[in-house]
Asker: 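Okay, handing you the structure first.
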Amino acid sequence: MLDAKVAELLNVQVNKEFYSAYLYLDFSNYYTEQGLEGFANWYKVQAQEERDHAMLFLQYLQNNGCKVTLEAIDKPDKVFSSFADPLHAGYEHEQHVTELIHTIYEAAHNVKDFRTMQFLDWFVKEQGEEETNAEGLIKKFDLFGSDARALYMLDSELAARVYSAPSLVLS
Ligand code: FEO
């Protein structure tokens with residue numbers, strides 16, 4: 001059995017990751033409404049990845065004999081006034097999720113829960129990549145977003161993103 005505090009934080013993270021999926025699906029819906037199907041696709045794939053993250057936390061808890069409690073998922077409530085707004089909100093959200101992962105890691109470290117630390121190593125690396133990706137989208141938009149032709153090209157680039165299952169597989 002896991003330490004109660006560690007298990008609680010892992011359970012909360014199941015909800016946080018499902019919320020991330022919901023949030024990015026909301027971004028995707030916004031871009032669909034705006035006619036930017038590539039941006040919509042990019043965030044729809046991102047939502048699928050976040051669902052996978054939630055399922056990994058859920059599976060890890062169950063693999064360790066812990067009960068999983070599913071709480072209500074918050075409603076995404078961001079209001080966007082420009083195409084760039086979701087990109088900034090996404091970057092800020094990933095920074096927040098990184099903090100959450102680090103908090104769980106710290107709790108596991110405090111009770112010498114090396115197994116959970118090893119499980120979380122994948123997420124620590126993943127968060128680095130997700131922050132880089134989110135920041136990269138902002139940089140690209142800053143460079144190309146104000147030119148209609150360049151924006152069309154960027155949207156086409158983002159339309160090519162395809163979903164792939166996470167590299168972390170729990171037995
Ligand atoms: Fe599950 Fe975007 O972190």
Side-chain angles (χ1 to χ4, degrees), residues 2 5-32 36 38-64 66 68-78 80 83-109 113 115-141 154 157-170:
L2 300 175
K5 179 68 182 171
V6 172
E8 183 193 339
L9 290 171
L10 289 167
N11 196 112
V12 168
Q13 196 62 28
V14 173
N15 183 278
K16 299 288 184 187
E17 299 290 345
F18 275 127
Y19 173 74
S20 297
Y22 232 42
L23 183 70
Y24 292 140
L25 204 50
D26 194 50
F27 291 8
S28 178
N29 291 344
Y30 164 76
Y31 283 122
T32 295
L36 288 171
F39 284 78
N41 172 68
W42 200 92
Y43 279 110
K44 195 174 278 183
V45 172
Q46 192 61 33
Q48 290 173 288
E49 285 199 0
E50 300 299 351
R51 176 210 55 204
D52 289 341
H53 296 169
M55 296 301 282
L56 285 167
F57 279 101
L58 185 151
Q59 188 65 54
Y60 181 76
L61 282 162
Q62 290 180 334
N63 287 359
N64 285 278
C66 297
V68 177
T69 304
L70 297 177
E71 304 289 352
I73 301 167
D74 288 342
K75 180 179 178 178
D77 59 359
K78 303 241 181 281
F80 308 122
F83 296 155
D85 282 355
L87 309 181
H88 288 277
Y91 183 40
E92 282 170 25
H93 183 68
E94 287 305 327
Q95 289 176 308
H96 170 61
V97 172
T98 297
E99 283 176 22
L100 295 173
I101 300 288
H102 288 180
T103 298
I104 309 171
Y105 203 104
E106 190 176 17
H109 183 265
D113 179 353
R115 186 167 33 165
T116 297
M117 287 159 66
Q118 189 182 47
F119 165 69
L120 290 172
D121 279 340
W122 185 87
F123 286 93
V124 171
K125 186 164 175 283
E126 175 77 2
Q127 281 311 120
E129 290 172 10
E130 301 228 319
E131 284 193 34
T132 299
N133 290 340
E135 196 178 15
L137 281 179
I138 293 171
K139 283 180 183 163
K140 281 187 178 175
F141 191 87
L154 179 55
E157 179 189 319
L158 298 182
R161 185 183 187 190
V162 291
Y163 166 76
S164 63
S167 57
L168 177 63
V169 179
L170 300 179

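In listed order, ligands and their atoms are each counted from 1.
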Asker: Could you tell me whether H102 atom NE2 has more than 12 heavy atoms of other residues or ligands within 6.0 Å of it?
Answerer: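 More than 12 within 6.0 Å, yes.
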Asker: Side chain to side chain donor-acceptor pair (under 3.5 Å) with E106: which residues, sequence neighbours excluded?
Answerer: none
Asker: Which residues and atoms, counting only protein N, O or S, are under 2.8 Å from atom 1 (Fe) of ligand 1?
Answerer: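 Only E17 OE1, E50 OE1, H53 ND1 fall inside 2.8 Å of atom 1 (Fe) of ligand 1.
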Asker: Name all pairs fulfilling the side chain to side chain donor-acceptor pair (under 3.5 Å) condition that reach into residues 22-32, sequence neighbours left out, sorted by first residue then second.
Answerer: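 Passing the test, one end in residues 22-32: Y24-E94.
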Asker: For residues 126-135, which residue pairs qualify under salt bridge (charged side-chain N to carboxylate O under 4.0 Å, His left out), counting only residues two or more places apart or in two chains?
Answerer: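 Pairs touching residues 126-135 that pass the test: K125-E129.
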Asker: Less than 6.0 angstrom separating the ring centers of F119 and F57, yes or no?
Answerer: yes
Asker: Does the pair R161/E49 count as a salt bridge with the N-to-O cut at 4.0 Å?
Answerer: yes
